[in-house]
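Atoms within a ligand are numbered from 1 in the order they appear, just like the ligands themselves. All residue numbers refer to positions in the sequence shown, counting from 1.
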Amino acid sequence: MTLAIMSALLDEQRGLLEQLTNPQRVRRAGRTFWCGQWVGQEVVLVLSKVGKVAAATTTTVLVEAFDVKSVLFTGVAGGVGAGVKVGDVVVAEAFIQHDLNSAPLFPRYEVPLYGRATFDCDPVLSAQLLEAAQLGLANVGDHFHRSLLLEAPRIHLGLIASGDQFVCDPAVASLMRADLQAAGHEPMAVEMEGAAVAQVCHDYGVPFAAMRTISDRADVQAHLDFSAFVNQVASPYALAVVSQFIKLRSGR
Ligand code: SAH
């Protein structure tokens, strides 16, 4: 029952890779897959690459070539929901593509021929991830967020919007949010891969769960100190939460 753990950024993947016993490197489709065991569980670690198409390719290879039976994604995202601040963690309930629009042929945001705009994450896997996030962040201590003068992290559960755009303008972010709300969708965070991974997992019937640490508020500050944030906060959080998730799954 191989578990895939996809990360968006190399810095986030590094800490996870150190946990693997007997890591084997396999190259496919221009990507590096690391196969190994983590507390006795078979896992494959891979970088999604950035954007929806790249993430869809990575997910397809995971299912077709590595026969993974569940997929976990960790990454960073821009916070767009009210009260979703830098340093918080969002566990995804579902994903939507904020830049998909085939109106008037199909309702705005609907994925043509799927009859739906959102793809749900697996409820069981997501409940485990939520529990792992609560336990993991409680264990990790407060020096990580304090190092960047952030408040203690809150954990949210909700909709994440994906698109092929790094959102770094408050006007763009609030228009996106208002348009999604007008169609009945309330996004908490924005990023560039999750909806693609969710759709591919839906196609194959593979359970999927995702967490994103909020790196920015999708405004003009969004590009600042991105690497400091990833190294000092998002990477230790990803390691703490994934370690806890693996523990929960192996019943230890
Ligand atoms: N500066 C990075 C580039 C990463 S692009 C580098 O040097 O590698 C941004 C990544 O973070 C994407 O994977 C995306 O999913 C996520 N992300 C974080 N904040 C975002 C935002 N405001 N809008 C869109 N994607 C965001």
Side-chain angles (χ1 to χ4, degrees), residues 4-17 30-32 45-59 62 71-92 94-100 109 119 121 148 150 153 156 158-180 185 187-201 208-238 241:
I5 306 172
M6 290 174 89
S7 312
L9 304 169
L10 188 62
D11 286 327
E12 280 183 315
Q13 193 195 43
R14 212 167 278 134
L16 305 179
L17 196 49
R31 286 138 172 87
T32 301
L45 303 188
V46 67
L47 293 178
S48 61
K49 295 207 173 200
V50 177
K52 291 186 293 179
V53 175
T57 301
T58 309
T59 312
L62 278 169
V71 175
L72 178 66
F73 195 109
T74 76
V76 292
V80 292
V84 181
K85 59 183 191 333
V86 173
D88 285 359
V89 166
V90 177
V91 173
F95 281 94
I96 190 165
Q97 294 183 50
H98 67 73
D99 56 355
L100 200 160
Y109 303 113
F119 289 89
C121 294
L148 289 183
L150 300 170
H156 309 266
L159 179 69
I160 299 183
S162 311
D164 291 315
Q165 185 182 0
F166 185 74
V167 181
C168 52
D169 177 337
V172 172
S174 59
L175 181 63
M176 174 199 298
R177 187 170 169 222
D179 284 349
L180 282 164
H185 307 291
M188 296 220 152
V190 61
E191 40 84 307
M192 303 174 71
E193 297 84 18
V197 181
Q199 187 171 330
V200 174
C201 286
F208 169 55
M211 68 162 264
R212 294 272 181 169
T213 304
I214 300 303
S215 55
D216 59 86
R217 280 288 305 176
D219 57 16
V220 280
Q221 303 275 316
H223 63 289
L224 296 180
D225 277 339
F226 189 78
S227 58
F229 180 84
V230 170
N231 284 317
Q232 292 175 41
V233 179
S235 300
Y237 282 11
V241 175

- Message: Can you confirm if the aromatic rings of F208 and F119 lie within a centre distance of less than 6.0 Å?
- Response: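 No; F208 has its ring centre 6.0 Å or more from that of F119.
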- For N231, side chain to side chain donor-acceptor pair (under 3.5 Å) partners two or more places apart: none
Enumerated ligand 1 atoms positioned under 4.0 Å from heavy atoms of [X]:
X	value
S215	18 (C), 19 (N)
V167	21 (C), 22 (N), 23 (N), 24 (C)
A218	22 (N)
D216	18 (C), 19 (N), 20 (C), 21 (C), 22 (N)
F226	1 (N), 2 (C), 11 (O)
M192	12 (C), 14 (C), 15 (O), 24 (C), 25 (N)

Keeping [X] on the side-chain end and [Y] on the backbone end, is there a donor-acceptor pair under 3.5 Å?
X	Y	result
D88	H156	no
T213	A234	no
T74	M211	no
T58	S48	yes

- Message: Polar contacts were defined as any N/O atom of the residue lying under 3.5 Å from an N/O atom of the ligand; does this apply to L9 and ligand 1?
- Response: no
- Query: N/O to N/O below 3.5 Å, does that happen between E191 and ligand 1?
  - Reply: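 No, since none of the N or O atoms of E191 sits under 3.5 Å from an N or O of ligand 1.
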- Query: Backbone, side chain, both or neither: what part of R212 comes under 4.0 angstrom of ligand 1, heavy atoms only?
  - Reply: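 The answer is the side chain.
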- Task: Could you tell me if any non-hydrogen atom of R217 lies under 4.0 Å from any atom of ligand 1?
- Result: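 It does not; every heavy atom stays at 4.0 Å or beyond.
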- Contact check, A77 vs ligand 1, heavy-atom distance below 4.0 Å: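 The answer is yes, since A77 has a heavy atom less than 4.0 Å from ligand 1.
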- Residues two or more places apart in sequence or in another chain: which of them pass side chain to side chain contact (heavy atoms under 4.5 Å, CB included) with A77?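 Once residues adjacent in sequence are excluded, the partners of A77 under the side chain to side chain contact (heavy atoms under 4.5 Å, CB included) criterion are A189, E191, R212, I214.
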- Query: Got F73 and I160 here, is their nearest side-chain heavy-atom distance under 4.5 Å?
  - Reply: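 The answer is no; the side chains never approach within 4.5 Å.
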